Amino acid sequence: MQARKCDDRPGPARRLRFQSIRKVWFGIWPVLPVIFTLLLVLGAPPYLAVAQGQGGAGAPDPDAITTIPIGYLKQEVKRPIPLSRLNTEPDDLGIAGAQIALKDNNTTGIFTKQKFALDVEDVPPGGDAVQALKTLVASGHRFILVDAPADVLMRLSDAVKDQDVLLFNISATDVRLRQEDCRANVLHTAPDRTMLADALAQYLVWKKWPRWLVVKGVFPEDLAYLDALRRAAKRFGGTIVEEREYEETPGARRSDTGHQQIQTQMPVLTQGAPSYDVVVVADEKEVFGPYVPYRTWDPRPVAGTAGLKAASWHPAHEQWGATQMQNRFQRFAKRFMLPLDYQAWVAVRAVGEGASRVGSGDFERINAYLRGDEFDLAAFKGQKVTFRPWDGQLRQPIIIAGPDMPVSTSPQEGFLHERTELDTLGIDQPESECRFQR
Amino acid sequence: MTRETSRRGVLAVLAAIGFVFSAGPAAAYTVYVSNEKGNSITVLDSETFEVLETLPVGQRPRGIKLTKDDKHLLVCASDDNTVQMVDVATREIVGDLPSGPDPELLNLHPSGSPVYVANEDDNLLTVIDLNDKKVLAEVIVGVEPEGVGVSPDGKIVVVTSETTNMAHFIDTESYEITDNVLVGSRPRFAEFTADGKHLWVSSEVAGTVSVIDTETRKIIKKIEFAIPGVQPEYIQPVGVRVTKDGSKAFVALGPANRVAVINAKTFEVEDYLLVGKRVWQLAFTPDQKLLFATNGVSNDVSVIDVPNLKVVKSIPVGRAPWGVTVSQE
């Protein structure tokens, strides 16, 4: 996110406050003896194949196991608390998704003699993310997930551009990272704003709600999302009947009489609009968006950054085997799985899948495999996900959901593409401005 | 003629037809279909294609299989974390098997026991003795095990794990994994050929079927599919059945709404049969004249005439039909 100044303000101490690398090994290795004993107690024949690897005999040979360390760099950003306390951000947001993927990779690793590790570098607001990245690279990490604003991500990318390092952008939705500011050493598992807007627009048009009243905030992020909405309207046959600005700047989020004021404000904001089908909110920082549903002047559904939203994942998504993923995640993290968790999961699983397919931990081979035609990842979206070669963006279906339940998944039926319907979402090859510099 | 006598007349005629047919080559079998969202089993007659009954069972029934003696139906009630045993004669649920969490698919040893259950949520294959309903072993496999294939000689059970993307070969005596074969993404189903020489594994997300030589444990062919007018990503192979004589294989292609017909000797795709929406599992009648295919989105079962390679009927069943099994007699 292209954050405002207040978000990027250095921390009070202004010195580097890196936490020491948290090194956690996941997977089955530590519990093997327990399982072994349990099976003996149960009277079942001892299960030896795991310990011996692929049908081999004799003691396990630790030298035969390839270790593939994966880094996770989180640039902390100060954010206002969400309007709804239901949306309070978990401390391990994203990290838990990477950890559960690590468990998945390591279960597979038992059979491929590969062991994956995950090391997290947590950079406080204003901290030196580049130094944190260098620390990870110096300790042998070649595949690194980055949860950071666009500017930080670009600095990181430039800092390691001559090295064997692949970064995964798991959070920044900025379109420019896939266009003029694209980088050869970055793959994006986060959908960008054009993908999200296209996915929502396809659904609204399919629903025959093509006339949109846009209510927008004042921040650059809101305008960036609005740009994506305008582009989507043009592509899929939507019409923005009017754009209205909500000018209030964010203040305290809690007050004892808040609702009375909002109850009169929101109808006025949406009063006297030209005939329209749906209110589309462009308010990425959640200044007013969640107040719009049920308070519009005309009885109309609300979509965009509030109400019906587009995202890579939803905690109630259960199609295509996702129930197993959700169960696994909830058992592990003791909370629901959120889009950033999913985007981190996909990145770590992509590395695991690459390593398993090429049968090696070699950077070049895995990197080439991820970008090649052979790569496909089963990611609980009903079809394989792959990376677009022209800008490194993950092709993926996008879930359209209300607060409680998914409503649909885009691309919608009828929006055709010569290659794959997934390329109807986001920047397609002919319009790509990305030129990777090697 | 009163309505009552007319109904009796019809019944008599039906009975007579039934008698004549049961004496002839086309025997009437009973077909059981699990309805994932209906929490029920639809019981069909393979000859009249009539729905005989709908049995309520546990939550989210998926994989189903008749015991070797046809007396019990084993139902993976996934959301109840159990395998239910339905007495076929009385239509009552008479017991549960200690399957472990989230059972999805199961298969039987050729001798009739044990039963092998894939626990999708727990990375386990649970082996259960059907006689005393005791767990014989739990084998740790890859992430999200689903397909379970048993070799005709009963010496090997193969489990496919959907996120690990492997077919795990397990020795049925020692319960050790002897080989792991990487296949295409999201392997859903494993089927041995009757001669035990090949194992067919479908990969839903990769859109391929791998044929593995069971001697060398190597993939000898990756079968790909192409259907004019259907986007490649909708071709998602799931259920696989190979005829006993080893001549033909049938592969359910999910949202491509087709069942592929493959020459099982040359591995060439010969035809695509249009069936209902999102076709997943398949089952032959024992005489291999008919193949039943479950269509999860159109809520019906397509009946395929195997010798003539024609879809001859679609039978409405319960909500979201998933698994199918057919009686021996």
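Chain A is the first sequence line, chain B the second, and so forth, proteins listed ahead of strands; every chain is numbered from 1. Since this is a predicted model, take the numbers as computed values, not measurements.
- Contacts between E353(A) and chain B at a heavy-atom distance below 4.5 Å involve the side chain alone, from C-beta outward.
- If you take OG1 on T164(B) and CZ on F111(A), they are separated by 6.5 Å, rounding to the nearest 0.5 Å.
- Heavy atoms of other residues, nucleotides or ligands lying less than 6.0 angstrom from CD of Q59(B) number more than 12.
- To the nearest 0.5 Å, atom CG of residue D102(B) and atom CG of residue N327(A) are 7.0 Å apart.
- Partners of D376(A) under the side chain to side chain donor-acceptor pair (under 3.5 Å) rule, at least two apart in sequence or in another chain, are S185(B).
- In this structure, OG1 in T163(B) is found 4.0 Å from CZ in F380(A), a value given to the nearest 0.5 Å.
- Judged by distance alone, the side chain of Q231(B) and the main-chain N or O of H417(A) form a donor-acceptor pair under 3.5 Å.
- The distance from the CD atom of Q324(A) to the OG atom of S78(B) is 8.0 Å, given to the nearest 0.5 Å.
- Using a 4.5 Å cut-off between heavy atoms, R60(B) contacts chain A through its side chain alone, with no backbone atom that close.
- With rounding to the nearest 0.5 angstrom, the CG atom of D104(A) is 7.5 Å from the CG atom of N123(B).
- Across every non-hydrogen atom of R331(A) and D122(B), the tightest pair is NH2-OD1, 4.1 Å.
- When heavy atoms are compared at a cutoff of 4.5 Å, R419(A) approaches chain B solely by way of its backbone atoms N, CA, C and O.
- Within 6.0 Å of atom NZ in K134(B), 12 or fewer heavy atoms from other residues, nucleotides or ligands are found, so the atom counts as exposed in its surroundings.
- Smallest separation of non-hydrogen atoms from S356(A) and L182(B): O-CD1, 3.2 Å.
- For the atom pair Q383(A) CD and R186(B) CZ, the distance stands at 13.0 Å (nearest 0.5 Å).
- Under a cut-off of 6.0 angstrom, the local environment of CG in D153(B) is crowded, with over 12 non-hydrogen atoms contributed by other residues, nucleotides or ligands.
- For Q236(B), the part sitting under 4.5 Å from any heavy atom of chain A is the side chain, from C-beta outward, and nothing else.
- Taking the side chain as every heavy atom from C-beta outward, E421(A) and Y234(B) approach each other to under 4.5 Å.
- Shown here is W206(A), whose CH2 atom has no more than 12 heavy atoms of other residues, nucleotides or ligands within 6.0 Å.
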